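Scroll down for the structure; my scribbles are underneath it.
Below, chains carry the letters A, B, ... as their sequence lines are ordered, and counting in each starts from 1. Side chains are part of it too, since the values below use all heavy atoms of this structure and drop only hydrogens, waters and symmetry mates. Since the model is a prediction, treat every value here as computed from it, not as a measurement.
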Number of protein chains: 2
Amino acid sequence: MLFSTKAEYGVRLMVELGRQPGSAPISLNTVAEAERLPLSYLEHLVAKLRKADLVTSTRGAHGGYRLAKPAELITMDAVVEALEGQIAPMECFHETPEGKVLCSHEFDGDRACSTKLLWTRVQGGVTKALAGTTLAELVEFSAPGGRTEAAIVNAA
Amino acid sequence: MLFSTKAEYGVRLMVELGRQPGSAPISLNTVAEAERLPLSYLEHLVAKLRKADLVTSTRGAHGGYRLAKPAELITMDAVVEALEGQIAPMECFHETPEGKVLCSHEFDGDRACSTKLLWTRVQGGVTKALAGTTLAELVEFSAPGGRTEAAIVNAA
DNA sequence: GCAAAACCGACCGCTTCGGTAGGATTTAAG
DNA sequence: CTTAAATCCTACCGAAGCGGTCGGTTTTGC
C-alpha cells in the first residue's frame with residue numbers, strides 16, 4: 001500500500017467539511033458518524049490538518065472545524081503530505097530546494113545511481129496526480145448527482 | 001515513503017544482473033559487494049524475484065543468477081510488484097479484472113466514494129511511471145558514460 | 001453550572017521492516 | 001572423495017509504525 005488509512009480518513013474528513021456550504025463549524029462527531037469512522041482516531045488526524053493550516057477550529061460547545069480556505073484552493077498533495085508526512089518514493093530520495101539529491105548508496109560518484117531515474121519518474125507521477133486534484137473536485141465528484149466515472153479518464 | 005528498501009535493493013540487484021553482458025551467472029556475493037548490501041538480506045529478495053520469474057538461478061559452486069529475459073523486456077512494475085506485493089494507493093482500493101471496485105467505506109451506494117477519483121489518478125500515475133520504465137533504461141542510465149539528467153525530463 | 005466540544009498525551013496489540021543466524025542441499029574443481 | 005562455493009530454507013529478533021482506545025483538561029454556549 002502506498003498510503004495508510006491516515007490519508008484515506010483524512011481526505012474523507014476534508015471532503016465532509018467541504019460539502020457543507022455554511023459558515024457554521026462542523027463537529028468531529030458529525031463527521032465520524034457520517035463517515036462511520038472512530039471519533040478518537042479522527043482527533044489525531046484533524047490535529048495534523050490543523051497544524052498544516054488546512055482547517056481551523058473553534059472550541060467549546062457548538063464548536064468544530066472549517067476549511068481554512070476555499071476547497072478550490074486546497075490541493076491534495078498538501079492534504080496527504082500533512083497526514084502522511086513527506087511524500088517520497090524511497091527513504092534515500094531527498095528533495096532539496098535546488099533539485100534532487102541522491103543517495104546514501106550512491107558512493108564513489110563514479111557512476112550514477114541506478115534507481116534515480118525510476119524514483120524520479122514515480123515521484124513525478126504521484127505529485128502530478130496529487131497536486132492536480134483539488135478538494136473541490138472530490139466534493140463535486142462524490143455529490144449525489146456528481147460527475148460520472150468518465151471524469152476520471154478525462155482529467156488524465 | 002511509498003516503497004521500502006525491498007524495492008530499492010531489489011532494483012539494484014536487477015540492474016547489477018543487467019549490467020553483465022555474458023551468459024555466466026552472477027553470484028549474490030558479487031552483487032552484495034558491488035552494491036554494499038547485506039548478502040543474507042539479498043537472499044530473501046532474490047527469492048521473490050525468482051518466484052516471479054524475473055531471474056533464474058543455477059546452484060552449486062560457480063552458480064548464481066541471471067535475468068530470465070532480456071532487460072529491454074523487463075518493466076519495473078513487475079519488479080517492484082514482485083518485491084513489494086500488489087501496488088495500490090490504499091488498502092480499500094482493489095482492482096478486479098473488470099475495472100476497479102471500491103470500497104469498504106462506500107456504504108449505502110447513495111453517493112460515490114469521495115476518495116475514488118483521487119486514488120485512481122494516483123494509481124494511474126504510479127503504474128505509468130513503473131510500467132513505462134524498463135530495466136534496460138536503468139542499466140544504460142547508470143552506466144559510466146550513461147545518459148544525462150535530461151533524459152529524465154524528456155521521458156515524461 | 002452543565003454539557004458539548006476541542007485538545008492533549010499515554011498506552012496497547014499487531015504487523016511490517018530490515019536484518020541475522022544456522023543450517024541443508026547442490027555442484028564444480030582439485 | 002573431499003572441499004569450497006554457492007543457492008535455498010526457516011526461524012528468529014529489535015525497532016518502528018499502524019490503527020486505534022482511554023482518560024483527562026480546557027474552552028465555550030446555553
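In this view, A:Thr133 and B:Arg121 satisfy the side-chain hydrogen bond (donor to acceptor under 3.5 Å, both in side chains) rule, not counting sequence neighbours. By the side-chain hydrogen bond (donor to acceptor under 3.5 Å, both in side chains) test, A:Ser27 pairs with A:Thr30, sequence neighbours left out. By the salt bridge (Lys or Arg N to Asp or Glu O under 4.0 Å) test, A:Arg66 is found to be paired with no residue, residues two or more places apart in sequence or in another chain being considered. Here B:Ala136 pairs with B:Ala71, B:Glu72, B:Thr134 under the side-chain contact (heavy atoms from CB on, under 4.5 Å) rule; sequence neighbours left out. Taking the side-chain hydrogen bond (donor to acceptor under 3.5 Å, both in side chains) definition, one finds that B:Thr75 meets it with B:Asp77, sequence neighbours left out. Here A:Thr127 pairs with A:Gln123 under the side-chain contact (heavy atoms from CB on, under 4.5 Å) rule; sequence neighbours left out.
Here the P atom of nucleotide D:dC18 and the CZ atom of A:Phe3 are 12 Å apart, to the nearest Å. In this structure, the OH atom of B:Tyr41 is 14 Å from the C1' atom of D:dA15, given to the nearest Å. Between the NZ atom of A:Lys48 and the P atom of D:dG17 there is a distance of 10 Å, rounded to whole Å.
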Pairs under 3.5 angstrom only: tabulate donor-acceptor contacts from the side chains of residues 81-92 of chain B to other protein residues two or more places apart or in another chain.
unit_1	atom_1	unit_2	atom_2	d
B:Glu84	OE1	B:Ser4	OG	3.4
B:Glu84	OE2	B:Ser4	N	3.0
B:Glu84	OE2	B:Ser4	OG	3.0
B:Glu84	OE2	B:Ala7	N	3.1

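Along DNA chain C, read 5' to 3', the first and last nucleotides having any atom under 4.0 Å from a heavy atom of chain B are C:dC17 to C:dA29.
Phosphate proximity of D:dG19 to A:Thr5: present, with a side-chain N or O under 4.0 Å from OP1 or OP2.
Atom CG of B:Leu42 is separated from atom CG of B:Asn29 by 9.5 Å, given to the nearest 0.5 angstrom.
DNA chain D contains the following stems of three or more consecutive Watson-Crick or G-U pairs, with both distances under 3.5 Å: C:1-30 with D:1-30.
Pairs passing the side chain to side chain donor-acceptor pair (under 3.5 Å) check and including a residue from residues 52-61 of chain B, sequence neighbours excluded, do not occur.
One finds a salt bridge joining B:Arg12 and B:Glu8 here, because a Lys/Arg side-chain nitrogen approaches an Asp/Glu carboxylate oxygen to under 4.0 Å.
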Pairs under 3.5 angstrom, nitrogen or oxygen only, protein versus nucleotides 5-9 of chain D, please.
unit_1	atom_1	unit_2	atom_2	d
D:dA5	N3	B:Ala61	N	3.4
D:dT7	OP1	B:Leu28	N	2.7
D:dT7	O2	B:Arg59	NH2	3.0
D:dC8	OP1	B:Ser57	OG	2.5
D:dC8	OP2	B:Arg50	NE	3.2
D:dC8	OP2	B:Tyr65	OH	2.9
D:dC8	N4	B:Glu43	OE1	2.9
D:dC8	N4	B:Glu43	OE2	3.3
D:dC9	OP2	B:Arg50	NH2	3.2
D:dC9	N4	B:Glu43	OE1	3.1

